[in-house]
Amino acid sequence: MLPFDSLISATQLTPEIISDIIATTDNMATNIQQQGRIDLLDDKVVALLFFEPSSRTMMSFQSAAQRLKAGMVFAQSASATSIEKGESLEDTIRMVESYSDIIVMRHPRPGSAAIAAGTSKVPFINAGDGGNEHPTQALIDAYTIAKHKGRLDNLRVVFGFDSLQSRSIHSLSTLLAQYPNNHFTFTGPAELNPSTDMLNELKSKGAQCEIVPEVNLSDGYDIVYVNRLQEERFNEPALFEANRRKYRLTQDKVSGTDCLILDPLPRIDEIDTAVDCLPNALYFKQASYGVPVRMALLSMLLGKAI
Ligand code: NCD
């Protein structure tokens, strides 16, 4: 079980909690294989509020709820709800909490998850709040690294190419910074380097951090974690256009290395499709772990985990 009702930020995820979630995720993966669906949440209703576009996060939460036999209520865009008429986020949550037992929300505004969780009387999961955080993606990433590297410490991780605006990079680096001897190399356009606040936060947790304009991936890195330039978060579209194709993993940069290649997806320009056939290209496998990880989270937050 979890020591909190709502998951808003990766800062809540201690190594002990992460290992509990990984163990429960393993149970869920076995259950998917053996039974397909289990009667764990058949008396519960999950609310899915997606006020920003989503494919993997929304569908893997849907699939997780279906496999746990929970009922669901949805809002798939702000324009399909009374938010379009000017209703506040707080009032929306006050209504949805009475229709459901747990709320999952994605919202374009950084900080909206904390506001919604503070309002909600039922457990709440942040499925991405603007460019701020994406803690459930960080758990999927941690699960992938634990499965395929066997550890979450002593890692040399490259992060690119939009560490400033990628909520997935923010949450994963926050999660990994708590483990001993992790070293982060941030790379990408200079304008998209991590903020000083972010770097100070990671260093204060014990991570070693550096920023470099280019990396040679055969220099003994364990993981290269890339995310597309976050087009919708650019104030200057010209900056996005000038950089979108400059930073790209190609076969020659990654083949023959032991580096696990991860990406929360969607893939836009940051990985050449020729990389997909390499044994260390794990991004689609990583996306598949979304279902058992989210089954674990839903059932643990509702006090019903196996
Ligand atoms: C990410 C997101 O929404 O932040 N995708 C995801 O949830 N798997 C990454 C992105 O949109 O670039």
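Remember, it's 1-based here, ligands and their atoms both numbered in the order they're listed.
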Problem set entry | Per-atom contacts, ligand 1 versus Leu265 - under 4.0 Å to a heavy atom | 1 (C), 5 (N), 6 (C), 8 (N), 9 (C), 10 (C)
For this session: Consider only side-chain N and O atoms of Gln230 and Asn227, and report whether a donor and an acceptor are under 3.5 Å apart.
Result: yes
For this session: Looking only at protein heavy atoms, identify the closest one to atom 3 (O) of ligand 1 and say how far it is in Å.
Result: Arg167 NH2, 2.9 Å
For this session: Indicate yes or no for a side-chain donor-acceptor contact from Asp162 to the backbone of Arg228 under 3.5 Å, with no hydrogens or angles considered.
Result: no
Exercise. Which of the numbered atoms in ligand 1 are below 4.0 angstrom from a heavy atom of Asn227?
Worked result: 9 (C), 10 (C), 12 (O)
Problem set entry | Whether Pro266 lies under 4.0 Å from ligand 1, heavy atom | yes
Exercise. Any Lys/Arg nitrogen of Glu241 or Arg244 sitting under 4.0 Å from an Asp/Glu carboxylate oxygen of the other?
Worked result: yes
Exercise. Quick one: which ligand 1 atoms are inside 4.0 Å of a heavy atom on Gln137?
Worked result: 6 (C), 7 (O), 8 (N)
Exercise. When rounded to the nearest 0.5 angstrom, what distance separates CG in Leu265 from CZ in Phe284?
Worked result: 5.5 Å
Exercise. Which atoms of ligand 1 have any heavy atom of Arg106 under 4.0 Å away?
Worked result: 2 (C), 3 (O), 7 (O)
Exercise. Would you call Arg151-Asp222 a salt bridge at under 4.0 Å N-O?
Worked result: yes
Exercise. For ligand 1, which atoms have a heavy atom of Arg228 less than 4.0 angstrom away?
Worked result: 10 (C), 11 (O), 12 (O)
Problem set entry | Ion pair Glu232/Arg167, N-O distance below 4.0 Å | no
For this session: Give a yes/no verdict on whether any heavy atom in Gln230 is under 4.0 Å from an atom of ligand 1.
Result: yes
Exercise. Under a 4.0 Å N-O cut-off, is there an ion pair linking Asp219 with Arg156?
Worked result: no
Exercise. Between the candidates Pro53, Pro264, Gly290, Ala287, which shows the shortest non-hydrogen contact distance to atom 8 (N) of ligand 1?
Worked result: Pro264
Exercise. Side chain or backbone of His134 under 4.0 Å from ligand 1, or both, or neither, by non-hydrogen atoms?
Worked result: side chain
